[in-house]
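I have placed the structure first, in the form of structure tokens, so that the comments after it can refer back to it.
Starting from 1, each residue takes its place in the sequence as its number.
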Amino acid sequence: VAMNSDQQTRMLVVMVGLPARGKSYLSRKLVNYFSWQGSAIKLFNVGKARRGQDEEKSDANSQSAAFFAADNKEAAAYREQLAMIVLDEALNWMVQQGTQQTLAIFDATNTTVARRKHVAE
């Protein structure tokens with residue numbers, strides 16, 4: 001990723017992949033590198049946001065396998081809603097930055113076609 005310092009550049013990197021495949025690891029490495037380069041960069045991790053909300057609700061069952069089951073429509077809707085909230089946070093953060101080079105990383109599985117289409121829009 002090359003960022004021209006003569007113009008204002010905003011970029012959203014959307015991570016896509018199955019769980020436990022290195023998306024968060026790579027995201028943190030990108031944050032380290034671009035911070036070292038002097039760019040304004042921030043990581044927006046949906047899993048971390050979900051775990052933070054789970055702690056607030058004290059819902060011990062939210063981390064169970066049933067929560068991630070494909071047939072659990074209520075949990076799927078919650079996960080999708082939370083992903084869109086985190087995406088909005090990332091986009092709002094980029095708009096609020098006054099720096100020349102702004103990079104936000106949206107770290108989530110984003111494995112469904114519908115999710116990727118919504119993110120792209």
Side-chain angles (χ1 to χ4, degrees):
V1 176
M3 293 187 172
N4 186 345
S5 62
D6 294 338
Q7 60 185 359
Q8 189 170 15
T9 304
R10 292 186 179 124
M11 185 179 302
L12 176 67
V13 175
V14 179
M15 303 303 287
V16 177
L18 294 173
R21 296 297 187 254
K23 294 176 301 298
S24 295
Y25 176 81
L26 181 59
S27 296
R28 288 189 302 272
K29 291 298 182 181
L30 287 170
V31 167
N32 290 341
Y33 176 76
F34 282 103
S35 294
W36 177 71
Q37 291 290 318
S39 298
I41 184 167
K42 189 170 179 180
L43 176 60
F44 295 87
N45 184 297
V46 175
K48 186 175 180 180
R50 179 183 42 79
R51 286 185 293 275
Q53 286 194 357
D54 290 345
E55 290 173 8
E56 291 174 9
K57 292 191 295 187
S58 299
D59 184 3
N61 294 327
S62 62
Q63 295 292 329
S64 70
F67 179 77
F68 296 98
D71 60 346
N72 189 342
K73 302 294 184 201
E74 182 180 325
Y78 171 72
R79 292 190 313 266
E80 187 67 25
Q81 177 187 17
L82 186 57
M84 294 304 105
I85 289 170
V86 173
L87 177 62
D88 287 342
E89 289 174 4
L91 296 173
N92 289 335
W93 178 81
M94 287 193 319
V95 169
Q96 293 171 358
Q97 297 304 303
T99 61
Q100 294 293 316
Q101 299 175 354
T102 304
L103 180 65
I105 301 175
F106 181 56
D107 185 12
T109 56
N110 299 312
T111 53
T112 65
V113 173
R115 166 87 62 86
R116 291 192 304 269
K117 183 177 179 181
H118 188 78
V119 169
E121 292 174 348

Seminar exercise, completed: Here the gap from M15 atom CE to T109 atom OG1, rounded to the nearest 0.5 Å, amounts to 11.5 Å

Problem set entry | Note, Q81 side chain near M84 side chain (heavy atom, < 4.5 Å) | no

Exercise. Is L12 close to R10 at the side-chain level, that is, under 4.5 Å between some pair of heavy atoms?
Worked result: no

Exercise. Do Q97 and W93 have side chains that get closer than 4.5 Å, going by heavy atoms?
Worked result: yes

Problem set entry | Where at least one partner belongs to residues 12-32, residue pairs that pass side chain to side chain donor-acceptor pair (under 3.5 Å), sequence neighbours excluded | S24-N45, S24-D107

Exercise. So do the side chains of L87 and F44 get within less than 4.5 Å of each other, counting heavy atoms only?
Worked result: no

For this session: Consider only side-chain heavy atoms of I, L, V, M, F, W and Y, link residues closer than 4.5 Å, and tell whether W36 and L43 are in one cluster.
Result: yes

Exercise. Rounded to the nearest 0.5 Å, how far does CE of M11 lie from OG1 of T102?
Worked result: 10.5 Å

Side-chain donor-acceptor distances from residues 113-121 under 3.5 Å, at least two apart:
{"residue": "R115", "atom": "NE", "partner": "E80", "partner atom": "OE1", "Å": "2.9"}
{"residue": "R115", "atom": "NE", "partner": "E80", "partner atom": "OE2", "Å": "3.3"}
{"residue": "R115", "atom": "NH1", "partner": "N110", "partner atom": "OD1", "Å": "3.1"}
{"residue": "R115", "atom": "NH2", "partner": "E80", "partner atom": "OE1", "Å": "3.2"}
{"residue": "R116", "atom": "NH1", "partner": "N110", "partner atom": "O", "Å": "3.2"}
{"residue": "R116", "atom": "NH1", "partner": "T111", "partner atom": "O", "Å": "2.7"}

For this session: Mind checking the CZ-CG spacing from F106 to L91? Nearest 0.5 Å is all I need.
Result: 9.0 Å

